[in-house]
Amino acid sequence: MLNTDDSAVPSPALLKVLQGAVDLHVHSGPSPFPRRLNHVEAAYDAARIGMRALLIKSHHHNTVMDLLAMEAQLANAPTAVFGGVALNSEVGGINPSAVAVAIQMGGRAVWGPTVSAAQHIAAHNHDDGFPTLGSNLEEKEVSVWDSDGNVSEETVRVTQLVAEADIMLTGGHLDAASMKALFDTAKENGVRRLLLHHPDFIVNASDDDVEEMLKYGAFVEHELSMYHPDVPAPGFPIQQLVDWIEKIGPERTVIDSDLGQKTNPLPVDGYIHVIGQLLDHGVSEKDIRQMICRNTAFLLGLEETI
């Protein structure tokens with residue numbers, strides 16, 4: 001039995017809003033970093049609020065392998081669980097072969113470079129728990145560019161594989177210029193499900209950058225972890241999230257947890273607290289369900305249209 005936050009008990013009205021949510025950003029284990037729960041526990045805990053599905057993200061390995069290894073334990077889980085692969089140095093960077101393996105095994109997501117992106121390495125060049133260049137995980141920088149300054153052949157092929165499988169591609173923690181090049185290539189090759197992670201954290205995309213990425217069809221993600229009082233950093237005020245929703249619109253906004261780490265709240269407790277705050281700040285139930293249920297289901301391939 002997981003030790004849940006006793007204060008995070010949803011009212012019947014809040015539970016109705018949360019029912020059917022799809023969390024695209026769960027950091028359950030196994031992982032090189034300490035995790036509060038494993039994938040099976042995450043699937044069962046999600047039933048507390050009737051979640052429809054989870055997407056398990058690791059910066060370091062193909063999570064589809066985890067889920068297949070746990071297949072018997074997940075057979076009767078109340079919440080569907082999916083995986084994918086992040087294109088960091090641990091899987092060979094922008095590696096079409098790693099993407100092909102993940103897709104063939106049932107992967108639903110390809111994350112652009114996160115901990116291997118130059119933007120991430122620059123942001124985390126101190127000891128804050130993330131691997132950096134020279135760390136004991138042997139992290140190396142990964143780029144979408146080739147030596148001539150063009151989008152690499154490997155990057156082009158990855159976008160083609162994602163398009164053929166009709167799964168989600170994210171910009172990871174790339175800088176805005178690199179992410180726009182990735183999304184432009186992806187759009188040209190027919191990728192329909194694109195996601196920009198936390199533009200105001202690590203990525204630091206400008207309003208113009210975000211506007212350009214919206215034109216490629218991307219959705220903009222914000223994480224509950226960044227607005228929860230029990231998560232030390234970055235500790236954004238809830239009004240910042242409200243402002244983003246008003247600026248981008250709920251039709252293109254995604255809200256998910258980015259939780260599962262050892263010292264942080266459980267993903268479900270993040271939903272209960274932060275979504276409750278959004279309701280208190282005047283965001284409508286309809287708009288919240290658009291952002292946590294419908295947009296997320298489309299990106300995960302559970303729905304053909306939004």
Side-chain angles (χ1 to χ4, degrees), residues 5 8 18 21-28 31 33 35-37 42 45-46 49 51 53-59 63 82 84 86 109 111-112 114-115 117 119-120 123-124 128-130 168 170-174 179 194-205 210 213 218-248 250 252-279 281 283 287-293 295-297 299-300:
D5 180 356
L18 297 174
V22 175
D23 190 350
L24 295 179
H25 204 143
V26 180
H27 281 296
S28 47
S31 167
F33 296 161
R35 296 305 186 212
R36 187 168 172 182
L37 71 176
D45 193 54
I49 56 172
M51 297 189 77
L54 307 177
L55 177 63
I56 308 300
K57 180 180 181 181
S58 170
H59 297 293
T63 59
F82 300 92
W111 293 277
T114 57
V115 293
Q119 186 82 354
H120 181 103
H124 293 293
D128 62 355
F130 281 94
M168 179 176 72
T170 87
H173 296 178
L174 291 168
M179 199 180 308
L194 290 168
L195 183 63
L196 161 63
H197 296 296
H198 42 69
D200 47 2
F201 181 69
I202 300 178
V203 174
N204 293 331
V210 173
M213 284 186 257
F219 289 77
V220 180
E221 179 200 63
H222 300 282
E223 294 81 355
L224 301 170
S225 62
M226 299 184 184
Y227 298 90
H228 198 290
D230 293 337
V231 180
F236 292 150
I238 194 67
Q239 187 59 49
Q240 184 166 321
L241 181 53
V242 174
D243 292 344
W244 270 109
I245 294 167
E246 291 177 351
K247 178 165 58 176
I248 302 299
R252 300 292 289 281
T253 298
V254 162
I255 297 176
D256 48 33
S257 77
D258 192 9
L259 289 169
Q261 303 87 351
K262 184 73 173 180
T263 59
N264 285 342
L266 292 167
V268 168
D269 293 340
Y271 275 88
I272 292 169
H273 181 86
V274 179
I275 298 303
Q277 289 287 300
L278 288 177
L279 289 167
H281 279 71
V283 181
D287 287 347
I288 287 174
R289 289 189 59 78
Q290 181 74 40
M291 296 182 287
I292 69 171
C293 299
N295 295 346
T296 48
L299 287 167
L300 193 54

To the nearest 0.5 angstrom, please state how far the [atom1] atom of [X] sits from the [atom2] atom of [Y].
X      : Y      : atom1 : atom2 : answer
Leu37  : Gln261 : CG    : CD    : 10.0 Å
Met291 : Thr253 : CE    : OG1   : 6.5 Å
Leu194 : Met168 : CG    : CE    : 9.5 Å
Ile238 : His228 : CD1   : NE2   : 10.5 Å

Using atom types as modelled, flag every donor-acceptor pair under 3.5 Å from a side chain in residues 219-226 to any protein atom, sequence neighbours excluded.
residue, atom, partner, partner atom, Å
Glu221, OE1, His197, ND1, 2.6
Glu221, OE2, His25, ND1, 3.2

For the pair [X] (side chain) and [Y] (backbone), establish whether a donor and an acceptor sit closer than 3.5 Å, ignoring hydrogens and angles.
X      : Y      : value
His198 : Asp200 : no
Arg36  : Ser28  : no
Gln290 : Asn295 : no
Gln119 : His173 : no

**Asked** When you look at Val210 and Ile248, which way does the side chain to side chain contact (heavy atoms under 4.5 Å, CB included) test go after all the steps?
**Response** CA-CA 9 Å; Val210 173; Ile248 302 299; 3.7 Å; yes

**Item:** Contacts of type side-chain contact (heavy atoms from CB on, under 4.5 Å), residue Ala86, not counting sequence neighbours
**Value:** Asn88, Trp111

**Prompt:** In chain order, what residues pass the side-chain contact (heavy atoms from CB on, under 4.5 Å) check against Ser58, with sequence neighbours excluded?
**Reply:** His60, His61, Thr63

**Asked** How far apart are the closest heavy atoms of Ser257 and Pro267, and which atoms are they?
**Response** OG-CB, 3.7 Å

[Y] and [X], any side-chain heavy atoms less than 4.5 Å apart:
X      : Y      : answer
His27  : His59  : yes
Leu54  : Leu24  : no
Ile288 : Leu279 : yes
Val254 : Leu195 : yes
Tyr271 : Asp23  : yes
Pro229 : His273 : yes
Leu266 : Asp45  : yes
Ile272 : Asp269 : yes

**CA sep, side-chain torsions, deciding dist, call: Asn264, Asp230, side chain to side chain contact (heavy atoms under 4.5 Å, CB included)** = CA-CA 7 Å; Asn264 285 342; Asp230 293 337; over 6 Å; no

**Complete:** Which of Leu278, Val22, Leu18 passes side-chain contact (heavy atoms from CB on, under 4.5 Å) with Ile292? It is Leu18

**Request:** Output all residues satisfying ring-ring contact (aromatic ring centres under 6.0 Å, His included) with Tyr227, sequence neighbours left out; order by chain, then residue number.
**Result:** Phe236

**Stepwise side chain to side chain contact (heavy atoms under 4.5 Å, CB included) check, Asp256 with Val26** = CA-CA 8 Å; Asp256 48 33; Val26 180; over 6 Å; no

**Request:** Kindly write out the residues that satisfy salt bridge (Lys or Arg N to Asp or Glu O under 4.0 Å) with Lys262, not counting sequence neighbours, or none if the list is empty.
**Result:** none

**Message:** Going by salt bridge (Lys or Arg N to Asp or Glu O under 4.0 Å), name the residues that satisfy it together with Asp258, two or more places apart in sequence or in a different chain.
**Reply:** none

